[in-house]
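What follows is a short report on a single structure.
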Number of protein chains: 4
Amino acid sequence: MTMRTIDRMKAGFRSFKAAYYDQRPERVAHLVESGQEPEVLLIACSDSRADPAILMNAEPGDMFIVRNVANLIPPYQPDDQYHGTSAALEYGVRDLKVRDVVILGHSGCGGIQALVQGAIGGVTAPDREFIGPWMEIASCCSGHGPDVDAVSRQSVRNSLTNLLTFPFVKSGVESGYLQIHGWWFDMKEGALWRYVEENDRFEKVEG
Amino acid sequence: MTMRTIDRMKAGFRSFKAAYYDQRPERVAHLVESGQEPEVLLIACSDSRADPAILMNAEPGDMFIVRNVANLIPPYQPDDQYHGTSAALEYGVRDLKVRDVVILGHSGCGGIQALVQGAIGGVTAPDREFIGPWMEIASCCSGHGPDVDAVSRQSVRNSLTNLLTFPFVKSGVESGYLQIHGWWFDMKEGALWRYVEENDRFEKVEG
Amino acid sequence: MTMRTIDRMKAGFRSFKAAYYDQRPERVAHLVESGQEPEVLLIACSDSRADPAILMNAEPGDMFIVRNVANLIPPYQPDDQYHGTSAALEYGVRDLKVRDVVILGHSGCGGIQALVQGAIGGVTAPDREFIGPWMEIASCCSGHGPDVDAVSRQSVRNSLTNLLTFPFVKSGVESGYLQIHGWWFDMKEGALWRYVEENDRFEKVEG
Amino acid sequence: MTMRTIDRMKAGFRSFKAAYYDQRPERVAHLVESGQEPEVLLIACSDSRADPAILMNAEPGDMFIVRNVANLIPPYQPDDQYHGTSAALEYGVRDLKVRDVVILGHSGCGGIQALVQGAIGGVTAPDREFIGPWMEIASCCSGHGPDVDAVSRQSVRNSLTNLLTFPFVKSGVESGYLQIHGWWFDMKEGALWRYVEENDRFEKVEG
């Protein structure tokens, strides 16, 4: 029996609705009435295998989430252009007043792989118009290749650096109100790593 | 007993790891070895109360997800700038070859609310640098205010229009390979609506 | 990759422990400290496909559960013998003071099938020592065969009758404190039925 | 907002139905069509806080489950009486041919507490007709009191002994086809222990 994902999503919504709105309304009532008050802003990859709500067993209200290809934070660059990730960062930190910003990278990232392939001379997808410029954010990391996962971890470091170019992040961190975290999900092993600044390396947290 | 979300996330990861990698490895084994093959690309809001994996009861591999403030699709604009949402759209449609693109709006959206407040003369957060320009994508919809939810639904329509400005989306839709969907989550009622093009309005799907 | 169920159970326990004790301790804290206070006592079949906690999406503390072959309630028969189901009924109603007693039958029941086969002349499993006498509780229902599901529903009715032979159930029902319910799970259709006394038949509740 | 458990159960069923029958029918299809084939028979307490499907994160089809007060196995005693637990044991081992039988005890057991209180001279609930005789199965363990949890663990040992009085269990174990396990759930710590025969004591498995 083969079922299209789009149909499974609708059935999944029925299950969610019954489980929360009908069965345990107290789980969502406050959120609906009082608005969201997440403590955490998380930037994750769009990869379907690294969904943060599934990975962290989250419930509604837990995390304000940005997802883009390769979980990148661009540098602070205020102008009239559309900056989706920066806008979310601004809204999360300044308006929602989250206490933690987490950048969640993962192994086997397709965006990082495209970056690495481009950097080592291969002409990857020459007719692509957006993925190349977007991955430029992490171009400084490609020297850590050809190991895609090493570049991916370096890119998390780089995004942490970019994060601090945003004045409202920097001041939040300096005042101690805000904490920033670099996490990395090893999809193959099912392990979670975190970046430890003191010794400039990733250490296993779980798994 | 009060627990910080960031700590609950780590415990949640242990639960995920035990449930999938240890208990039912068959649920993730293929994904890890063969790479992702999602059928659906979904653009959702960053709002912590409208997490698509929770709403759709998803499992790893189901959906390639973009999340930004107000689930906006900017118009096609290929240049050297960083376009996170466009890059994800390109990667999902052209490289992953998804069959469905879903734009998922929701009620009580903070980004839309900021847009509406700005449009009706209030000077909302004058010192914000990114949220204003970002919400410009939906500026054409603000005339449907002051009802925030009406503007939100109009913005889903607008994003569907923008979606078709991308040549690879347009050709996919025309060839029948790709379908695009505008969905809207009524958080208060726990209901899911979808945009029906024929009669240009939203109809309830579930709830 | 084949994994033994007994090993999946241990991994499942790790997931449960992380999700409740570590991640959301508030979900179990009260139960552990103050003792159980379930509102519902449910009698279900031992069948692995009709687990009431899975079927009802239950959480710890929700239901005091008895499970035996074919979800039978024997008649009131106080003597010095071991009466497991009666003891649980007594403890649930008199000590825990539940407000609802639910008998949950289901389609495709192996115990009922054995009863039906025996009743229509077949000598089912002549060397079995316990299942035959146990199914005698429902022997009055076998005339509704050979349709196993019809006999199963009749047996739920019969157990409701037996339930009222217990003085503490009868008085609870008469005082209005206690309600008794006959439910039936159609495993094939994924539907839930309930017995309606007024018109002496089962009506679909969900599905 | 206070909701009765019986109503939450109905909503929970809708969620189950949507999640399995509608969204992921492959999870139940085989079970419905081919019948159950559980590898494990588990005897657990009726306690609402120690539901084995929740504790082991089970799915339909995983475990054939008996639940009675204090998870007791009576000794082999074939006669014309109703023996619910023995009937389930017979059906599980002889007809379903499970490979593992697990007795799952737990801390803070109300049935064991009643046994201990009775044994130390208190006249517990003199008007109870069934719980006293039923708990007689574990009467030999009450000397391990007044520590309720020590008696509970001793009772798991005792049930393992009783299990081997059933000829079909004994022969199964001797042939190596069947394994029997004594597990104990520490509800306070969220830990799982197992009985190790070689050194006659319980060792922590998880937690």
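Letters A, B, ... mirror the listed sequences (proteins, then strands); counts begin at 1.
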* Output yes when a side-chain donor or acceptor of Ser46(B) lies under 3.5 Å from a complementary backbone atom of Ile65(A), and no otherwise. => yes
* Among the listed options Cys45(B), Ala11(B), Ala191(B), Pro52(B), the residue most often paired with chain A at heavy-atom distances under 4.5 Å -> Ala191(B)
* Asked: Would a distance-only check, ignoring hydrogens and angles, find a side-chain to backbone donor-acceptor pair under 3.5 Å from Glu129(A) to Pro78(B)?
  -> no
* **Side chains of Val32(A) and Met187(B) in contact at under 4.5 Å (non-hydrogen atoms)** => yes
* So which part of Ala19(A) gets closer than 4.5 Å to some heavy atom of chain B, the side chain, the backbone, both or neither? -> neither
* Within a reach of under 6.0 Å around CD of Glu203(B), are more than 12 heavy atoms found that belong to other residues, nucleotides or ligands? -> yes
* Choice from Asp51(A), Asn57(A), Ile6(A), Leu72(A) maximising heavy atom contacts with chain B below 4.5 Å -> Ile6(A)
* **Side chain to side chain, Tyr82(A) and Glu136(B), heavy atoms closer than 4.5 Å** => yes
* Asked: Can you say whether Thr85(B) sits under 4.5 Å from chain A via the side chain, the backbone, both, or neither, judging by heavy atoms?
  -> neither
* Largest heavy-atom contact set with chain A, pairs under 4.5 Å, which of Arg4(B), Arg14(B), Arg8(B), Arg94(B) -> Arg94(B)
* Sub-3.5 Å donor-acceptor pair from the side chain of Tyr21(B) to the main-chain atoms of Gly207(A), do we have one? -> no
* To do: Name the region of Asp47(B), side chain, backbone, both or neither, that has any atom closer than 4.5 Å to a heavy atom of chain A.
  => both
* Shortest non-hydrogen contact between Met63(B) and Met9(A), atoms and distance -> SD-CE, 3.5 Å
* With a 4.5 Å cut-off on heavy-atom pairs, point out which of Ala53(A), Pro133(A), Pro38(A), Ser86(A) contacts chain B the most. => Ser86(A)
* To do: Determine the option with the most heavy-atom pairs under 4.5 angstrom with chain B, choosing from Leu41(A), Leu42(A), Leu192(A), Leu55(A).
  => Leu55(A)
* Asked: Are the side chain of Glu90(B) and the backbone N or O of Ile131(A) linked by a donor-acceptor pair below 3.5 Å?
  -> yes
* Asked: Looking at Asp80(B), Ile54(B), Leu89(B), Val66(B), which makes the most heavy-atom pairs under 4.5 Å with chain A?
  -> Ile54(B)
* **Contacting moiety of Phe13(A), where chain B heavy atoms sit under 4.5 Å** => both
* Cationic N near anionic O, under 4.0 Å, Lys10(A) to Glu206(B) -> no
* Flag the one option from Asp62(A), Asp79(A), Asn68(A) with the top tally of heavy-atom pairs under 4.5 Å to chain B. => Asp62(A)
* In terms of heavy-atom proximity below 4.5 Å to chain A, should Phe130(B) be classed as side chain, backbone, both, or neither? -> both
* Structure fact -> Residue from Ser107(B), Gly110(B), Ala70(B) scoring the most non-hydrogen pairs under 4.5 Å with chain A is Gly110(B)
* Asked: With only heavy atoms counted, which part of Val205(B) is less than 4.5 Å from chain A, the side chain, the backbone, both or neither?
  -> side chain
* To do: Could you tell me whether a side-chain N or O of Arg49(A) sits under 3.5 Å from a main-chain N or O of Leu31(B), the two making a donor and an acceptor?
  => yes
* Of the backbone (N, CA, C, O) and the side chain (C-beta and beyond), which part of Gln179(B) lies under 4.5 Å from a heavy atom of chain A, both, or neither? -> side chain
* Structure fact -> Turns out that what part of Arg194(B) lies under 4.5 Å from chain A's heavy atoms comes down to neither
* Checking Val102(B) against chain A: side chain, backbone, both or neither under 4.5 Å from a heavy atom? -> side chain
* Lys188(B), part contacting chain A, at a heavy-atom distance under 4.5 Å -> both
* To do: Can you measure from CG (Asp95(B)) to CD (Gln113(A)) and round to the nearest 0.5 angstrom?
  => 10.5 Å
* To do: State the OG-CD distance between Ser48(B) and Glu37(A), to the nearest 0.5 angstrom.
  => 9.5 Å
* Asked: What part of Phe64(B) gets closer than 4.5 Å to chain A, counting heavy atoms only: side chain, backbone, both or neither?
  -> both
* Structure fact -> Answer key: most heavy-atom pairs under 4.5 Å with chain B among Gly108(A), Gly111(A), Gly35(A) is Gly35(A)
* Check each atom of Ala44(B) against the heavy atoms of chain A and say whether the ones under 4.5 Å are side chain, backbone, both or neither. => neither
